[in-house]
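Counting starts at 1 for both ligands and their atoms, in listed order. Just so we're clear, the structure is a prediction, and the values are computed from it rather than from any experiment. Residue numbers start at 1 and run along the sequence shown.
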Amino acid sequence: MEIEKLKKEILCVDSLLVLTGAGVSQESGIPTFRGKDGLWKNYDATQLATPHAFERDPKLVWEWYNWRRGKILNAEPNSAHYGIKKLEEIIPEFLLATQNVDDLHRTAGSKNILELHGNIFRTRCTGCGKIEFEKKIFDEEELPPGCKECGSLLRPDVVWFGEPLDQLVISKVMEFALKCSAVLVVGTSAVVYPAASIPYYVKEKGGRVFEINMEPTPVSGIADISILGRAGETFEKMMQDTG
Ligand code: OAD
Ligand code: ZN
């Protein structure tokens with residue numbers, strides 16, 4: 001069976017990169033971005049996560065992020081988050097690169113995490129650049145929030161479409177991708193770059209590529225083992241007797 005095969009291989013690798021996307025948090029009740037799940041009040045989520053949308057209507061964009069904050073604060077990590085944390089304890093060299101902004105990997109206890117797309121609980125001032133982290137939901141009348149220091153508009157400290165990723169973060173991930181022996185890609189549609197390019201770098205350097213997703217993705221074509229299934233359920237089976 002494919003899960004057994006994956007388990008056998010993955011528990012033996014000496015350095016593992018795990019790349020996660022919204023599918024990892026789906027079983028925690030957090031909507032993904034694409035597909036019917038990605039709709040909010042008839043808006044396509046990918047149309048809201050843009051600098052243009054924020055310029056046009058900061059309140060609307062903030063309402064969506066505030067709604068997501070609420071969903072996340074009511075959610076708990078699932079077996080996929082905990083399974084990934086367990087892998088970190090077992091595998092000598094480990095890095096988790098997540099596209100998720102929901103902080104659930106940290107809540108589950110993962111340590112070596114790089115957040116490619118930022119964190120939804122951080123705000124960044126569009127004026128003075130001040131960054132703050134607070135796990136809270138804003139009151140409706142606070143939206144869009146302003147900076148206490150300079151009065152400018154605060155924005156979620158996440159990466160929007162058309163914006164560059166933090167150079168330091170992406171270069172650390174790439175450095176690891178080029179030297180690791182395997183990458184496990186979980187719950188991402190693998191269409192948003194540069195995150196989506198990571199499995200290809202690993203493959204090119206002779207590393208193994210593993211994937212867990214409910215549907216085939218562009219990564220499935222280069223994957224050595226591809227599991228079609230829900231991430232939480234798959235990890236539950238895979239990590240059963242690992243302590
Ligand atoms: P998407 O919404 O594009 O894709 C979610 C993926 O998870 C799909 O491939 C689903 O098949 C899969 N999936 C859904 N539920 C699953 C489950 N329970 N178990 C396993 N797989 C499941 O989300 P991302 O790939 O994370 O970026 O999207 C990438 C980026 O696009 C996001 O970080 C965000 C978004 O716009 C920015 O905001 C910059
Ligand atoms: Zn400010």
Considering the heavy atoms of Glu27, write down every atom of ligand 1 situated less than 4.0 Å from one of them. 17 (C), 18 (N), 19 (N)
Judged by heavy atoms only, the candidate from Ala231, Ala196, Gly187 nearest atom 7 (O) of ligand 1 is Gly187
So, for Tyr43 and Trp64, is the gap between ring centers shorter than 6.0 Å? no
Which of the atoms of ligand 1 are close to Val159, meaning less than 4.0 Å from one of its heavy atoms? 37 (C), 38 (O), 39 (C)
What part of Val192, side chain, backbone, both or neither, has a heavy atom within less than 4.0 angstrom of ligand 1? side chain
Does Gly21, backbone or side chain, put an N or O under 3.5 Å from an N or O of ligand 1? no
Ignoring angles and geometry beyond distance, decide whether Asn100 reaches within less than 3.5 Å of ligand 1 through its nitrogen or oxygen atoms. no
Of all the non-hydrogen atoms in the protein, which one sits nearest to atom 18 (N) of ligand 1, and at what distance? Gln26 OE1, 2.7 Å
May I ask you to identify the nearest protein heavy atom to atom 12 (C) of ligand 1, giving residue, atom name and distance to one decimal place in Å? Asn213 OD1, 3.3 Å
Taking distance alone, with N or O pairs closer than 3.5 Å, would you say Ala22 contacts ligand 1? yes
Arg34 and ligand 1 - part of the residue with a heavy-atom distance under 4.0 Å: both
For the residue pair Phe54 and Trp160, does the interplanar ring angle fall in the parallel (under 30°), tilted (30 to 60°) or perpendicular (over 60°) class? tilted
